Trainee: 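My structure is below; once you've seen it, I'll send some questions.
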Amino acid sequence: MSVDVGGIVVHLEHLTAEKQAVLVEQVRRIVRAAPLFRPEMPSGRKMSVRMTSAGTFGWTSDRAGYRYERQHPNGMDWPPMPPIALDIWRDVAGVARDPQSCLINFYDGDAKMGLHQDRDEADMEMPVVSISLGDEALFRVGGAKRGGKTQSIWLKSGDVAVMGGAARLNYHGIDRIRANSSTLLPNGGRINLTLRCVD
DNA sequence: TAGTAGCC
DNA sequence: CACT
């Protein structure tokens, strides 16, 4: 089953509990090798989410701006893309290319992400695929410009959202995490994986 | 001063 | 609203 939220197709209950558990294990391995960090934004503030990446490119930011890098801030190459994430992309993205980046965002109960566009990628014909694991998150979607109407939906563990076509540049963000709404992650919180082509 | 992967 |  899927729903349309501001042009973004959200596949609900797309991943089995088994697949979610395996994906969590693959993410754990990545985080052990490439520790979570809290990027600084161009404004000088630190983001509330912690993040790391897998694949050829990882997303990061600092006072110099938002961008993709080939290495973790500690100097290592990013670990390989988690195999299940690649399977999911091939199932839902509808394009011939494979993703080059898997951004892993970790939200604790207080973490949020303001409305923003994903526009650090070269080819806007390539969709962005977002996978939710763990606690539920209030996801808000607007249009391609700031200030318009927005819609919200609670994303649950295992949901997969595809932001493509007309929705590729829609503003979106996370307003709230519902703590303890899932038992998938032993220590609670939410993991979001975002798969993208970068260059 | 305008804009904000913000903050309350 | 406060920060850059």
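Quick note on labels: first sequence line is chain A, next is B, and so on, each numbered from 1. Model, not experiment: these values are computed from the prediction.
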Trainee: Give one of base, sugar-phosphate or nothing for D120(A), where a contact means two heavy atoms less than 4.0 Å apart.
Mentor: base
Trainee: In whole Å, I'd like the distance from the CE atom of M163(A) to the P atom of dA5(B).
Mentor: 16 Å
Trainee: Using the C1' atom on both, measure dT4(B) against dC8(B) and round to a whole Å.
Mentor: 15 Å
Trainee: Could you check whether D120(A) pairs with R67(A) (Lys NZ or Arg NE/NH1/NH2 to Asp/Glu carboxylate O, under 4.0 Å)?
Mentor: no
Trainee: If we take the C1' atom in both dG3(B) and dC7(B), what is their distance in whole Å?
Mentor: 14 Å
Trainee: From CG of D62(A) over to P of dT4(C), roughly how many Å is that when rounded to an integer?
Mentor: 16 Å
Trainee: At 4.0 Å (heavy atoms only), tell me whether R146(A) reaches a base, stays on the sugar-phosphate, or touches nothing.
Mentor: sugar-phosphate
Trainee: Output the rounded distance in Å from NE2 (H116(A)) to C1' (dT4(B)).
Mentor: 13 Å
Trainee: Round to the nearest Å and state the distance from E40(A) atom CD to dT4(B) atom C1'.
Mentor: 15 Å
Trainee: Are there over 12 heavy-atom neighbours, none belonging to R168(A), within less than 6.0 Å of that residue's CZ?
Mentor: yes
Trainee: Any carboxylate oxygen within less than 4.0 angstrom of a Lys/Arg side-chain nitrogen, looking at D118(A) and R196(A)?
Mentor: yes
Trainee: Here's one to test your reading of the geometry: is the NZ or CZ of R178(A) within 45 degrees of the ring axis of W154(A) and under 6.0 Å from its centre?
Mentor: yes
Trainee: C1' atom, dG6(B) versus dA2(B): distance in rounded Å?
Mentor: 14 Å
Trainee: Taking pairing as Watson-Crick or G-U wobble with both contacts under 3.5 Å, can you name the mate of dA5(B), or confirm there isn't one?
Mentor: none
Trainee: Grab the CZ-P distance between R63(A) and dG6(B) for me, whole Å please.
Mentor: 16 Å
Trainee: Could you check how far CZ of R67(A) sits from C1' of dA5(B), rounded to whole Å?
Mentor: 14 Å
Trainee: Is the distance between the ring centroids of F37(A) and H72(A) less than 6.0 Å?
Mentor: yes
Trainee: Hey, does G114(A) reach any base, or is it just sugar-phosphate, or nothing, if we go heavy atoms under 4.0 Å?
Mentor: sugar-phosphate
Trainee: Report which part of the nucleic acid N105(A) touches: base, sugar-phosphate, or nothing (heavy-atom distance under 4.0 Å, all strands).
Mentor: nothing
Trainee: Nearest whole Å is fine: how far is dA5(B) P from R38(A) CZ?
Mentor: 15 Å
Trainee: Separation of K46(A) atom NZ from dG6(B) atom P, in whole Å?
Mentor: 14 Å
Trainee: Base, sugar-phosphate or nothing for M41(A)? Non-hydrogen atoms, less than 4.0 Å.
Mentor: sugar-phosphate
